[in-house]
Amino acid sequence: MDFLITTLLNALTLISILMLVGLGLAISFGLMNVTNLAHGEFVTVGAFAVYFVQSIGGSFWLGLAAAPIAGAVVGCILEFAIIRHLYSRPVSTVLATWGVSLILQQGLELIFGIGAKPVTPPIEGTLDLFFTVYPAYRLILIAIAMLTLLGVVLLISRTSFGLDIRTVIQNREMAESVGINTRRTYAIAFTFGAAIAGLAGGLVAPLAIVLPQMGVNYLANAFFVVIVGGVGSIGGLVAGSVFVGGLTSVLNYQISPSLAQAIVLLAAIVAVRLRPNGLFNGASR
Amino acid sequence: MIARDRNWLLIFAVCVVLAVLYPLFADGYQLTVIRDALIFGLFAASLDFFWGRTGILCFGHAAFFGIGGYIMALVTLNDAIPFGSQLGILGAVTGAGFVAAIIGYFLFFGGIRGSYFTIVTLAMGVICQQAAVSWSSVTGGDSGLIGIPPIEFDIGGTHVDLSQDMPSYIFVAAIVAVVVLALWSISRGRWGTVLTAIQDNEVRAAALGHNAPLRLLVTFVLSAAIAGLAGALYVCMAGLVAPDLSGLLLSTEVIVWVAVGGRGTLLGPVLGAIAIQRAQQTISSFNPSLWPLLLGCVFVIIVFVLPDGILSIYARLKSLFKGRRRAL
């Protein structure tokens with residue numbers, strides 16, 4: 001029973017992070033058709049923001065507030081300087097964003113130096129959960145991630161900006177002809193996705209090894225969350241995260257992490273072959 | 001089309017002449033440097049044969065390079081296997097092609113195209129690298145396998161031993177020239193024309209009776225087999241194989257070589273690979289951590305300034321001079 005609940009909570013931690021990282025990709029890759037290979041670096045930037053704030057004496061919570069802002073700034077600059085010029089050239093976007101990803105990685109290494117950066121969690125210790133004891137910080141992480149996701153759902157389904165986004169996604173030309181500024185909507189949506197990924201990086205910083213190269217690990221998994229889950233719905237995002245995150249956590253108990261990663265990606269490829277439109281989406285796009 | 005063919009053959013001939021003359025002016029070390037650059041050029045040409053002809057980007061091409069390298073290493077390191085070099089190369093080519101056939105079958109017949117294909121192949125590269133790291137009883141894990149012997153075989157009574165700089169340079173240069181010429185004649189012929197039709201409009205090409213998934217699959221397998229050949233050649237020249245050879249970084253580097261040289265030209269990627277590796281050595285000797293930064297900048301600049309690669313400079317200059325002449 002202990003073991004089961006611990007596995008479940010571990011899986012939930014990973015799933016929450018994947019959902020936050022995947023959300024930005026679902027917007028850029030799934031909806032705007034921009035293959036942004038620098039998305040992993042938004043996570044890195046968020047983690048480094050927490051490290052930086054802590055290293056100058058700030059608290060973890062201040063760092064966590066800085067993380068999405070750092071992600072948003074980098075994302076906004078990237079969209080403005082590069083991506084908006086390449087919406088009609090998908091392959092060029094792949095090359096340019098990979099270049100940006102290398103520049104960001106190396107830039108962070110030049111600024112902060114080589115080696116893993118320590119980030120201390122705001123709360124040490126464990127919480128007694130009736131059935132089992134579990135690190136308290138991980139429970140907070142899960143709660144923040146869930147609340148963020150809820151906020152995003154409300155934003156998209158209840159506000160006028162959410163309505164704009166949904167309109168632009170469904171038909172860009174039509175949205176433009178009814179007076180929606182699609183360029184602005186894209187820019188805001190992209191920046192928003194980057195901010196959420198930055199938040200994910202900040203949340204994961206105390207648990208992960210904070211390195212300039214850490215983003216790559218999240219990139220491939222997040223792409224599979226989006227592809228496996230299917231594009232265009234929060235439900236798909238959740239389904240994809242549960243598939244990738246759940247399988248990874250379960251396998252991590254049995255075999256080495258690198259083999260687990262390989263098997264999860266293989267399973268994801270098979271899932272994509274069997275359900276090209278995603279686990280969740282019945283209808284084709 | 002005929003004029004463009006003549007241009008291509010002209011540039012190819014110039015390159016062959018330069019490759020023949022090069023040993024006269026180079027010492028042993030420089031020969032090995034250019035030899036290794038040529039092997040990566042072959043690898044770049046193999047990616048270009050698929051990417052340039054179909055417009056579909058494979059982001060895990062180093063997986064095939066690595067598979068070829070590991071097969072070659074395992075065969076030649078096993079003393080029980082006779083004709084190690086020949087069987088190793090054969091195994092590398094068929095092994096890489098076989099893996100490409102399985103993955104390609106799943107993807108092409110499953111209707112996966114465009115950026116979905118790119119992402120799945122990206123994962124394929126990651127999988128291969130992880131497998132090479134974790135399957136340490138066979139692959140040697142993180143440190144890889146060392147002590148791979150140079151290629152040697154008997155042909156027509158003569159013993160060919162590629163442990164020396166000069167013979168290995170000639171061998172590699174000849175293979176690259178022959179393969180690039182072969183790929184070019186395939187892609188300018190009927191096969192290439194059909195691939196262009198599929199790239200332009202797959203539904204229409206299928207309506208005309210072309211089996212589009214099969215064509216893409218065969219092209220992909222051929223491209224992977226040549227990448228495997230390049231991997232096999234590389235590990236014999238370097239004497240070692242490591243997980244990096246199937247990793248993400250090499251996959252992205254080969255894409256830069258193709259993009260810099262000019263996608264769809266087959267010759268451009270080879271030149272791009274040589275040029276960039278020379279630049280990498282110069283810059284790395286100056287400051288090693290600067291190289292990834294510059295590589296990233298090259299990616300971004302290429303996309304905006306030279307979307308058709310360095311070979312397009314020739315075409316641009318030509319049209320510039322033609323324009324001048326007409327103006328006069």
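What you are looking at is a predicted structure, and each value in this text was computed from that prediction instead of being measured. Below, chain A is the first sequence line, B the second, and so on; all start at residue 1.
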Discussion item. Could you check whether Thr219(B) and Arg53(B), counting side-chain N and O atoms only, form a donor-acceptor pair closer than 3.5 Å?
Written reply: no

Identify which part of [X] has an atom lying under 4.5 Å from any heavy atom of chain B, answering side chain, backbone, both or neither.
X: Ile255(A); value: neither
X: Ile114(A); value: neither
X: Val94(A); value: side chain
X: Leu110(A); value: side chain

Relative to chain A, which segment of [X] carries a heavy atom at a distance below 4.5 Å: side chain, backbone, both, or neither?
X: Ala123(B); result: both
X: Trp291(B); result: neither
X: Leu293(B); result: both

Worksheet item: Can you list the residues that meet the side-chain contact (heavy atoms from CB on, under 4.5 Å) rule with Asn252(A), with sequence neighbours excluded?
Response: Thr248(A), Pro257(A), Ala260(A)

If we ignore hydrogens and angles and just use 3.5 Å, is the side chain of [X] paired with the main-chain N or O of [Y] as donor and acceptor?
X: Asp48(B); Y: Thr265(B); answer: yes
X: Ser101(A); Y: Thr97(A); answer: no
X: Ser251(B); Y: Ala62(B); answer: yes
X: Asp244(B); Y: Gly247(B); answer: no

Discussion item. Show every side chain to side chain donor-acceptor pair (under 3.5 Å) that has at least one partner inside residues 118-143 of chain B, sequence neighbours left out.
Written reply: none

Practice prompt. For the residue pair Phe117(B) and Phe108(B), categorise the inter-ring angle as parallel (less than 30°), tilted (30 to 60°) or perpendicular (more than 60°).
Written response: parallel

Worksheet, complete the sentence: Counting heavy-atom pairs under 4.5 angstrom with chain A, the leader among Cys128(B), Ala131(B), Gly296(B), Gly55(B) is Gly296(B)

Worksheet item: Which residue out of Thr252(B), Ile103(B), Val120(B) racks up the most heavy-atom pairs below 4.5 Å with chain A?
Response: Thr252(B)

Worksheet entry | Top contributor to chain B contacts, counting heavy-atom pairs under 4.5 Å, from Leu95(A), Thr35(A), Leu86(A) | Leu95(A)

Worksheet item: What distance separates Leu219(A) CG from Phe224(A) CZ, expressed to the nearest 0.5 Å?
Response: 10.5 Å

Fill in: Straight-line distance of Ile188(A) CD1 to Phe190(A) CZ, nearest 0.5 Å
13.5 Å

Return all side-chain donor-acceptor pairs below 3.5 angstrom for residues 267-280 of chain B, not counting sequence neighbours, or 'none' if the list is empty.
unit_1    : atom_1 : unit_2    : atom_2 : d
Gln277(B) : NE2    : Ala273(B) : O      : 3.1

Discussion item. Please output the residues of residues 38-48 of chain A in contact with chain B, using a heavy-atom cutoff of under 4.5 Å, in numerical order.
Written reply: none

